[in-house]
Amino acid sequence: MDAGLIKLYSPAEVPRLKYISSLILGEMLGLQFEITHDKRRLGKHPVINYSDEKLPGAFNICPSGLLSEQGIKNYDPAVTLADF
């Protein structure tokens, strides 16, 4: 089944985002995706938004800062439920 291209929006170039999206979306799920830093290039594709800004119709992920950190640190993630 060809799901088409998924656009992943991030306002900044984040090497760890590129790595983890390649691993999860590309290798594990076998999906075609493209990372873009320009909202004008999203087109009519399904969008994963990795930013603090809400994009209508996108799957929004608010960054915690983990992927943009330098080095390796211990991290205790907090899990919360969003209101829908």
Side-chain angles (χ1 to χ4, degrees):
M1 180 174 120
D2 181 21
L5 182 68
I6 296 172
K7 296 279 186 143
L8 198 155
Y9 170 73
S10 173
E13 188 170 333
V14 181
R16 289 180 179 182
L17 177 62
K18 184 177 179 181
Y19 170 79
I20 199 67
S21 58
S22 293
L23 177 67
I24 294 172
L25 297 175
E27 292 183 33
M28 295 174 78
L29 298 176
L31 300 173
Q32 293 181 353
F33 72 96
E34 177 182 297
I35 298 174
T36 184
H37 310 296
D38 184 354
K39 288 184 278 188
R40 296 172 296 183
R41 299 195 64 212
L42 295 177
K44 301 219 182 265
H45 301 281
V47 175
I48 299 173
N49 171 29
Y50 186 72
S51 74
D52 291 322
E53 180 181 353
K54 297 286 185 201
L55 295 181
F59 180 76
N60 295 293
I61 301 173
C62 292
S64 67
L66 178 66
L67 296 182
S68 59
E69 288 182 356
Q70 300 293 318
I72 299 173
K73 300 175 186 170
N74 288 330
Y75 189 76
D76 188 23
V79 178
T80 59
L81 295 176
D83 293 330
F84 291 102

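Because the structure is predicted, anything quoted here is derived from the model rather than measured. For the single chain, residues carry numbers from 1 onward in sequence order.
Sorted by first and then second residue, the salt bridge (charged side-chain N to carboxylate O under 4.0 Å, His left out) pairs with a member in residues 42-64 read Lys39-Glu53; sequence neighbours excluded.
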Please output the side-chain donor-acceptor pairs of residues 18-31 that fall under 3.5 Å, not counting sequence neighbours, one pair per line with the distance.
residue : atom : partner : partner atom : Å
Ser21   : OG   : Leu17   : O            : 2.7
Ser21   : OG   : Lys18   : O            : 3.2
Ser22   : OG   : Lys18   : O            : 2.9

What donor-acceptor contacts under 3.5 angstrom involve side-chain atoms of residues 6-14, with partners at least two apart or in another chain?
residue : atom : partner : partner atom : Å
Lys7    : NZ   : Glu34   : OE2          : 2.9
Lys7    : NZ   : Arg41   : O            : 2.9
Ser10   : OG   : Ala12   : O            : 2.8

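Applying the side-chain hydrogen bond (donor to acceptor under 3.5 Å, both in side chains) criterion to Asp38, with sequence neighbours excluded, gives Arg40. Taking Asn60 as the reference, Asn49 meet the side-chain hydrogen bond (donor to acceptor under 3.5 Å, both in side chains) condition, with sequence neighbours excluded.
Annotation: the span from Ile35 atom CD1 to Ile48 atom CD1 amounts to 10.0 Å, rounded to 0.5 Å.
Neither Tyr50 nor Val47 shares a network with the other; the hydrophobic side chains, linked directly or stepwise wherever heavy atoms of I, L, V, M, F, W or Y lie under 4.5 Å apart, form separate groups for each.
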